[in-house]
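All values below come from the heavy atoms of this structure, side chains included, with hydrogens, waters and symmetry mates left out. Positions are given from 1 along the sequence. Remember, it's a predicted structure, so these values are computed and weren't measured experimentally.
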Amino acid sequence: MRVFVTGATGFVGSAVVRELLGAGHQVLGLARSEAGAKSIIAAGAEAHLGDIEDLDSLRSGAAQADGVIHTGFNHDFSKFAASCAADQRAIEALGAVLEGSQRPLLVTSGLAGFAQGRPATEDDKPAPPSAAMPRASEAAAMVLAARGVRASTVRLAPTVHGDGDHGFVPMLIAIARDKGVSAYIGDGSNRWAAVHRSDAATLYRLVLEKGAGGASYHAAGEQGVAMREIAETVGRRLNLPVVSKSPEEAVGHFGFLGHFIGRDLSASAKQTSTVLGWLPTGPGLIADIDRPRYFEG
């Protein structure tokens, strides 16, 4: 299958490209620059110059493919609402090209915003997009599915880890260095689902090959890792005190992460594993981050 991948040079997208190529697929990767194009070509794929906000480039790439995996997203959280709006437009543009063809479209979403107090399941529906939670990736995919597009959603765990990680755990490490303490909220028993990026990449391939339109799949290799355990690992590695912060102190200490750090973001991937035969094999979060590589720099 010839697959158009947005975000092909990103942390998750580059792993998806490698996974697809290793399984015998051809890949056309979206590149924002000549440097990005060179890295895609070096990986063994073809490069397609464009940007997730250049809808013509997205349409052109999708038109050349047997399926599309959309991992591209602007992670500048200072303009998160604008990035979410751009993401929705990108999904709509990709879906318009695929409508009526049965060619798959995989959209990326996350596992925040679900019911608290229990692990989220694949049957759970995300809260409607709002000012507080403006990302509409899954909602846009479901609208396309209702129009006959074979659109499905991969919900990534809040922590996707591995070499090259620049997500939430590196942010927590940077905050700990800056504040002189490694912190958690309350008793730290709230849990975050986690997945190694190689396992996430395998899941994207399986959804591409066997997934159903309108379905949501969970990239959660671990159902939940306690935030206190994460904070203790960071504190031990940095030789810093590990302390509890109250919910009222969260935003002041963690910045924008304070809105999420005390929430339980656990999730089950039981249905995903059963339906697709997805069996994560990568290291768990604590084993992975308890290495010098996560603390270099």
For the hydrophobic clusters of this structure (ILVMFWY residues joined by side-chain heavy atoms under 4.5 Å, transitively), does one cluster hold both Met1 and Val16?
yes

Can you confirm whether Leu106 sits close enough to Val68 that some side-chain heavy atom of one is under 4.5 Å from a side-chain heavy atom of the other?
no

Are the ring centres of Trp278 and Tyr217 closer than 6.0 Å?
no

When every non-hydrogen atom of Asp56 is compared with those of Arg59, the smallest separation belongs to OD1-NH1, 2.8 Å

Keeping the roles fixed (side chain from Asp199, backbone from Thr281), state whether a donor-acceptor pair exists under 3.5 Å.
yes

Output the distance between atom CD (Glu222) and atom CG (Leu285), rounded to the nearest 0.5 Å.
6.0 Å

For the side chain of Trp192 and the backbone of Arg263, is there at least one donor-acceptor N/O pair under 3.5 Å apart?
yes

Yes or no on side chain to side chain contact (heavy atoms under 4.5 Å, CB included) for Leu156 and Leu111, after CA distance, side-chain angles and deciding distance?
CA-CA 6 Å; Leu156 288 176; Leu111 281 165; over 6 Å; no

Can you confirm whether Arg32 is buried at CZ, in the sense that more than 12 heavy atoms of other residues, nucleotides or ligands lie under 6.0 Å from that atom?
no

Check the hydrophobic clustering (I, L, V, M, F, W, Y; side-chain heavy atoms under 4.5 Å; chains of links allowed) and say if Val27 and Leu49 are grouped together.
no

Leu94 side, atom CG; Arg89 side, atom CZ - distance, nearest 0.5 Å:
13.0 Å

Any residue meeting ring pair (Phe, Tyr, Trp, His ring centres under 6.0 Å) with His161, in chain and number order, not counting sequence neighbours
His196

Looking only at side chains, do Tyr204 and Thr108 share a donor and an acceptor under 3.5 Å apart?
yes

So Val97 and Arg103, do their side chains get closer than 4.5 Å, heavy atoms only?
yes

Enumerate the residue pairs fulfilling salt bridge (Lys or Arg N to Asp or Glu O under 4.0 Å) with a member in residues 159-168, sequence neighbours excluded, ordered by first and then second residue.
Asp163-Arg291, Asp163-Arg293

If you measure only the distance, is there a donor-acceptor pair under 3.5 Å linking the side chains of Ser137 and Gln88?
no

Nearest heavy-atom neighbours spanning Val234 and Ala176
CG1-CB, 3.9 Å

For Ser60, what residues pass the side-chain contact (heavy atoms from CB on, under 4.5 Å) criterion, not counting sequence neighbours?
His48, Gln64

Taken in chain and number order and not counting sequence neighbours, the residues that satisfy ring pair (Phe, Tyr, Trp, His ring centres under 6.0 Å) with Tyr294 are none

Might you confirm whether atom NZ of Lys210 has over 12 heavy atoms from other residues, nucleotides or ligands at distances under 6.0 Å?
yes

Anything under 3.5 Å between a donor and an acceptor, one on a side chain of residues 247-255, the other on a protein residue two or more places apart or in another chain? List them.
unit_1 : atom_1 : unit_2 : atom_2 : d
Glu248 : OE1    : Ser246 : OG     : 3.3
Glu249 : OE1    : Ser246 : N      : 2.8
Glu249 : OE1    : Ser246 : OG     : 3.3

If only atom types and distance count, is the side chain of Ser273 paired as donor or acceptor with the main-chain N or O of Leu279 below 3.5 Å?
no

Pairing residues for Asp290 by the salt bridge (Lys or Arg N to Asp or Glu O under 4.0 Å) criterion, not counting sequence neighbours:
Arg236, Arg237

Ala151 and Ala141: which non-hydrogen atoms are nearest, and at how many Å?
CB-O, 3.6 Å

If you draw the axis of the six-membered ring of Phe80, does the NZ or CZ of Arg135 fall within 45° of it and under 6.0 Å from the ring centre?
no

Heavy-atom side-chain contact between Val154 and Val107 under 4.5 Å:
no

Worked check of side chain to side chain contact (heavy atoms under 4.5 Å, CB included) between Asp123 and Gln271:
CA-CA 9 Å; Asp123 291 330; Gln271 291 182 40; 3.1 Å; yes

With sequence neighbours excluded, residues passing side-chain contact (heavy atoms from CB on, under 4.5 Å) with Ala81:
Pro134

Interatomic spacing from CG in Leu144 to OG in Ser152 - rounded to 0.5 Å
11.0 Å

Which residues pass the side chain to side chain donor-acceptor pair (under 3.5 Å) test with Ser266, sequence neighbours left out?
Asp264

Are Leu203 and Leu208 in one and the same hydrophobic cluster, where Ile, Leu, Val, Met, Phe, Trp and Tyr link if side-chain heavy atoms are under 4.5 Å apart?
yes

Audit row: Arg177, Phe295, side chain to side chain contact (heavy atoms under 4.5 Å, CB included) steps and yes/no:
CA-CA 10 Å; Arg177 281 194 171 111; Phe295 298 87; 3.9 Å; yes

Pair Glu209 + Arg205, salt bridge at N-O below 4.0 Å:
yes

So OG1 of Thr233 and CD1 of Ile286: to nearest 0.5 Å the spacing works out to 4.0 Å

NZ on Lys125 to OG on Ser216, rounded to 0.5 Å:
6.0 Å

Sequence neighbours left out, what pairs pass salt bridge (Lys or Arg N to Asp or Glu O under 4.0 Å) with at least one residue falling in residues 188-198?
none

Counting only N and O atoms by type, is there a donor-acceptor contact under 3.5 Å from the side chain of Glu122 to the main-chain atoms of Thr272?
yes

Are Phe168 and Val160 close enough that some pair of their side-chain heavy atoms sits under 4.5 Å apart?
no

Set of residues satisfying side-chain contact (heavy atoms from CB on, under 4.5 Å) with respect to Gln26, sequence neighbours excluded:
Arg2

Approximate separation, where rounding is to 0.5 Å, of Ser268 OG and Arg118 CZ
10.0 Å

So Leu28 and Val3, do their side chains get closer than 4.5 Å, heavy atoms only?
no

Which atom pair, heavy atoms only, marks the closest approach of Ala157 to Ala220?
CB-CA, 4.4 Å

Residue pair His70 / Ile52, side-chain heavy-atom distance below 4.5 Å
yes

For Arg155, enumerate each residue passing the salt bridge (Lys or Arg N to Asp or Glu O under 4.0 Å) test, keeping only those at least two apart in sequence or located in another chain.
Glu138

Evaluation steps, side chain to side chain contact (heavy atoms under 4.5 Å, CB included), between Asp288 and Val169:
CA-CA 11 Å; Asp288 200 20; Val169 169; over 6 Å; no

Are Val149 and Met142 co-members of a hydrophobic cluster defined by side-chain heavy atoms under 4.5 Å apart?
no

side-chain contact (heavy atoms from CB on, under 4.5 Å) partners of Glu232, counting only residues at least two apart:
Arg228, Val242

For the student: nearest non-hydrogen atoms of Ala193 and Ala267, plus distance
CB-N, 3.9 Å

Indicate yes or no for a side-chain donor-acceptor contact from Ser83 to the backbone of Asn74 under 3.5 Å, with no hydrogens or angles considered.
yes

For the side chain of Thr6 and the backbone of Thr71, is there at least one donor-acceptor N/O pair under 3.5 Å apart?
yes

So Ile185 and Ser244, do their side chains get closer than 4.5 Å, heavy atoms only?
no

State, yes or no, whether a side-chain contact exists between Thr9 and Leu30 at a heavy-atom distance under 4.5 Å.
no

Between His218 and Ala120, which heavy-atom pair has the shortest distance, and what is it?
CE1-O, 3.5 Å

